[in-house]
Amino acid sequence: MTVTPASRRGPGRAPDRIVVLTGAGLSAESGIPTFRDGDGLWERHRIEDVATPEAFDRDPALVLRFYDMRRAAAATAQPNPAHAALARLSHHPGVTLVTQNIDTLLERAGARDVIHMHGRIDGALCAACDHRWTAPAAMAPADPCPACGRPRTRPDIVWFGEMPYHMDQIEQALARAQLFAAIGTSGQVYPAAGFVDFARAVGAETVELNLVPTDDALDRFDASIAGPAGRTVPAWVEGLIGPG
Ligand code: APR
């Protein structure tokens, strides 16, 4: 269901500069649970118990185990038609694809240059020296950093209270955007939730694609397209750049 007028543009006539922001709803149909749908717990954990630097200081083994489970789940999940459509869009000139998701389903669908503002589940980071490497299947608090040897290994994930990655690059893309789309994100976590306001301020057309319109969607976006991403995103992409 489209709750606002359809795009003002005819099919196959994409603007020159497009920024797409994706969230957990993009991967929901691949079987990866979202954060804020359902019972408010995140795979049976409260977010504060597993996704903050304080939680990691308090109980690193619990946090690492939690991310080991998520890494295993992400590895077996398969990209859905929404990932495939955005992968196709990512090869179009002038498109910047930003995701809050830590899974790599966009890459596995063939997307290029995905900006992972909240990090990646397949990455490990040394909290002591910032060295990065591919995460093993299971991480332990005593694992030494391969570069400096100190036992400060953590997932390369941006936790609550930490600064998202690549903000300069994202802001540069937003500053030039003619079209901004937010896909499968509840718009509750900043700074990503503020990208639509930035895009509007520079005159971009804005659209959200979500299972259901988010709160105040029509105050915040020019259009809100409701439905499962696996259905709405391929149609939206086709409307922009034509059939694949
Ligand atoms: N298709 C489209 N949208 C969907 C679908 C679907 N099949 N299923 C759920 N959604 C929508 C929900 O309606 C909801 O608005 O996806 C959104 C998911 O919202 P959240 O769970 O809050 O996820 P997200 O916005 O990505 O969270 C942002 O919060 O916990 C942190 O760092 C984490 O990156 C995450 C950030």
Among Leu86, Val207, Asn210, Ile225, side chain to side chain contact (heavy atoms under 4.5 Å, CB included) partner for Ile183
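The side chain to side chain contact (heavy atoms under 4.5 Å, CB included) with Ile183 is passed solely by Leu86 among Leu86, Val207, Asn210, Ile225.
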Any salt bridge between [X] and [Y], counting N to O under 4.0 Å?
| X | Y | answer |
| --- | --- | --- |
| Asp16 | Arg176 | no |
| Asp68 | Arg65 | no |
| Glu238 | Arg231 | no |
| Asp156 | Arg120 | no |

Would you tell me whether Asp103 and Ser27 have side-chain atoms, one donor and one acceptor, within less than 3.5 Å of each other?
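A donor-acceptor contact under 3.5 Å links the two side chains.
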Donor-acceptor pair between Glu29 and His83 side chains, under 3.5 angstrom
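No, no side-chain donor-acceptor pair sits under 3.5 Å.
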With sequence neighbours left out, write down each residue that passes salt bridge (Lys or Arg N to Asp or Glu O under 4.0 Å) with Glu54, or none if nothing qualifies.
none
Heavy-atom pair with the smallest gap, counting every atom of Arg154 and Ala127:
CD-CB, 4.1 Å
Do Arg70 and Phe35 form a cation-pi contact, if we require the NZ or CZ to be under 6.0 Å from the six-membered ring centre and within 45 degrees of the ring's axis?
no
Using only atom types and a distance under 3.5 Å, with no angle test, would you say the side chain of Ser30 pairs donor to acceptor with the backbone of Ile32?
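No, Ser30 side chain to Ile32 backbone: no donor-acceptor pair under 3.5 Å.
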Is it the case that the side chain of Arg71 and the backbone of Ile121 share a donor-acceptor pair, with hydrogens and angles ignored and the cut-off at 3.5 Å?
yes
Where does the angle between the aromatic ring planes of Phe180 and Phe221 fall among parallel (under 30°), tilted (30 to 60°) and perpendicular (over 60°)?
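Parallel, since the angle between the ring planes stays under 30°.
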Going by side-chain hydrogen bond (donor to acceptor under 3.5 Å, both in side chains), name the pairs with one or both residues in residues 179-199, residues two or more places apart or in two chains.
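Checked against side-chain hydrogen bond (donor to acceptor under 3.5 Å, both in side chains) - neighbours excluded - the pairs reaching residues 179-199 are Gln100-Thr185, Asp197-Arg220.
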Given Val19 and Leu97, is the side chain to side chain contact (heavy atoms under 4.5 Å, CB included) satisfied, shown in steps?
CA-CA 6 Å; Val19 177; Leu97 192 49; over 6 Å; no
Linking I/L/V/M/F/W/Y whenever their side-chain heavy atoms sit closer than 4.5 Å, directly or via other members, would Trp236 and Val114 fall into one cluster?
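Yes, it is one cluster - the side chains of Trp236 and Val114 are joined through contacts under 4.5 Å.
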